[in-house]
Amino acid sequence: MRDTSPAYFTHVDGVFRPTPFSMSLWAPSTLSGPPVCGLMAREVEARYRTGGFVPARLTVDLHRAVPALPLTVHSEVIRDGKRVRAVALELRAEDAVVARGSALLLQRSTQPPGEVWRPERDRPLPPPSALAQIDEAMHLFGSDGHAEGWSPKMTEHQNDTRKRKWVRNIPVVDGEPASPFCFAAMTGEQTSLVTNWGTEGIGFINTDVSITFSRMPIGVDMGIEAESHLSDEGIAAGAAVLYDEQGAFGICTTTALANEHRQIRGAVIDDLADTILAAGQPVTPDRGR
């Protein structure tokens with residue numbers, strides 16, 4: 001276990017400075033996708049989760065790499081009704097917009113009458129023996145093609161079966177408590193990983209992520225499991241399910257482009273993970289920028 005308290009950003013007077021934990025594994029001087037989504041989720045939770053409203057959707061556009069520079073978050077309410085609150089989000093570096101997003105917050109109420117079809121499927125949870133192999137800032141990879149279901153090594157799951165991941169994030173901002181909503185946003189960003197991961201690694205790079213919630217997660221450890229993958233002529237659409245120990249709580253979708261010149265294979269992730277763990281940093285393989 002680590003004797004430090006890692007986080008993705010420090011925060012002073014409205015400016016968020018990236019820490020080494022937020023850096024992309026694939027491109028120098030850029031941020032990985034999960035911290036970007038976590039920073040936007042933090043803005044939504046801190047400013048707009050009031051008066052009984054709860055986040056029901058978070059969408060983040062990832063059409064360019066976010067530079068590893070001091071960042072500011074700007075947001076405004078687009079609509080504020082009795083049951084629906086819509087918010088627009090911008091992430092800025094040196095006054096330039098480097099990422100955009102939106103959020104929808106809804107008022108909870110009672111369920112309508114009647115029964116609705118839903119998939120009757122229990123999402124796999126990692127057993128204690130698998131969790132014992134990792135510390136608080138590591139993840140477990142899983143696939144239907146692995147004999148034991150879960151392991152810390154991505155190479156052991158480079159197959160053509162359904163993929164999943166059990167995610168242990170770190171806080172978005174240093175000194176702030178862990179947030180289940182922010183952690184879910186950062187986990188949902190990895191939809192592209194679990195839906196676009198095949199026998200030769202990950203061949204698509206995601207350009208966005210949208211996460212819808214039926215409820216907030218229970219706790220901060222959670223899983224993400226591939227639900228579908230569609231792709232033609234270099235464009236992919238993927239969907240995944242977010243779940244915790246009590247079951248599924250969210251659906252994630254992503255759009256991705258072929259990344260054939262920088263195909264990401266499991267061996268690269270495993271080697272980088274070993275290097276980063278030796279330096280005491282968490283492993284967050286993301287969109288491969």
Side-chain angles (χ1 to χ4, degrees), residues 6-9 16 18-44 57-69 71 73 89-93 97-103 137-139 141 154 163 165 167-173 179 181-197 201-212 222-224 226 236-240 242 250-259 262-264 268-269 272-273 276 281-289:
Y8 288 123
F9 299 94
F16 299 89
T19 71
F21 299 105
S22 67
M23 300 299 292
S24 172
L25 298 179
W26 309 114
S29 302
T30 63
L31 303 185
S32 64
V36 173
C37 292
L39 199 56
M40 289 197 176
R42 177 192 178 277
E43 174 78 358
V44 172
R57 177 185 56 78
L58 175 69
T59 298
V60 179
D61 289 328
L62 299 167
H63 50 263
R64 59 170 292 185
V66 176
L69 296 171
L71 302 172
V73 186
L89 302 152
E90 287 185 348
L91 203 61
R92 299 178 186 173
V97 176
V98 293
R100 299 181 189 272
S102 64
M138 287 181 64
H139 312 309
F141 299 100
M154 190 173 177
K163 305 298 192 301
K165 193 177 181 190
V167 181
R168 287 176 161 177
N169 280 297
I170 60 174
V172 179
V173 174
S179 159
F181 173 58
C182 291
F183 280 23
M186 294 188 288
T187 302
E189 196 277 339
Q190 297 172 68
T191 298
S192 184
L193 187 150
V194 296
T195 60
N196 295 318
W197 173 12
I202 303 168
F204 291 88
I205 183 169
N206 65 316
T207 58
D208 65 6
V209 64
S210 188
I211 310 164
T212 56
M222 60 196 70
I224 183 168
L242 280 171
I251 297 172
C252 315
T253 59
T254 187
T255 312
L257 286 168
N259 194 28
R262 298 188 66 184
Q263 185 97 358
I264 304 169
V268 176
I269 298 273
L272 286 169
I276 288 173
Q281 297 181 20
V283 183
T284 55
D286 67 323
R287 55 200 174 102
R289 290 194 184 278

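Only this structure's heavy atoms are used, side chains among them; waters, hydrogens and symmetry mates stay out. One-based numbering along the sequence shown. Remember, it's a predicted structure, so these values are computed and weren't measured experimentally.
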Below 4.5 Å, heavy atoms only, C-beta onward: do Phe204 and Trp197 meet side chain to side chain?
no
All heavy atoms of Gln190 vs all of Ile224, minimum pair found to be C-CD1, 4.0 Å
Rounded to the nearest 0.5 angstrom, the CG-CZ distance for Asn169 and Phe21 is 13.0 Å
Heavy-atom side-chain contact between Asn206 and Leu62 under 4.5 Å: yes
Practice problem: Compute whether any side-chain donor of one residue and acceptor of the other, for Ser210 and Thr59, lie under 3.5 angstrom apart. | Solution: yes
Any Ile202 side-chain heavy atom under 4.5 Å of Leu193 side chain: yes
Please step through side chain to side chain contact (heavy atoms under 4.5 Å, CB included) for the pair Tyr8 and Val36, ending with a clear verdict.
CA-CA 9 Å; Tyr8 288 123; Val36 173; over 6 Å; no
Next item on the list: Could you tell me whether the side chain of Thr19 reaches within less than 4.5 Å of the side chain of Pro6, counting heavy atoms only?
Entry: no
message: Test your reading of the model: is there a side-chain donor-acceptor pair from His139 to the backbone of Lys165, 3.5 Å cut-off?
response: no
With a 6.0 Å cut-off (strictly less than), is the heavy-atom count around CG of Leu69, excluding the residue itself, greater than 12?
yes
For the backbone of Thr255 and the side chain of Asp208, can you confirm whether one donor and one acceptor N or O come within less than 3.5 Å of each other? yes
If we only count heavy atoms from C-beta on, is the Arg42 to Phe16 side-chain gap below 4.5 Å?
yes
Glu189 and Cys37 have their tightest heavy-atom pair at CG-SG, 3.5 Å
**Message:** Less than 4.5 Å apart, side chain to side chain, heavy atoms only: is that true for Met23 and Thr30?
**Reply:** no
Tightest non-hydrogen contact, residues Ser102 and Arg57, listed as OG-NH1, 3.0 Å
* Side chain Thr187, main chain Phe183, donor-acceptor under 3.5 Å -> yes
All heavy atoms of Ala93 vs all of Val98, minimum pair found to be CB-CG1, 4.0 Å
Quiz item: Is there side-chain contact between Val97 and Leu91, with at least one heavy-atom pair below 4.5 Å?
Solution: no
Residues Cys182 and Val172: closest non-hydrogen pair is CB-CG2, 3.8 Å
Residues Ile211 and Ala184: closest non-hydrogen pair is CD1-O, 4.0 Å
Contacts of Arg100 meeting salt bridge (Lys or Arg N to Asp or Glu O under 4.0 Å) (sequence neighbours excluded), chain-then-number -> Glu90
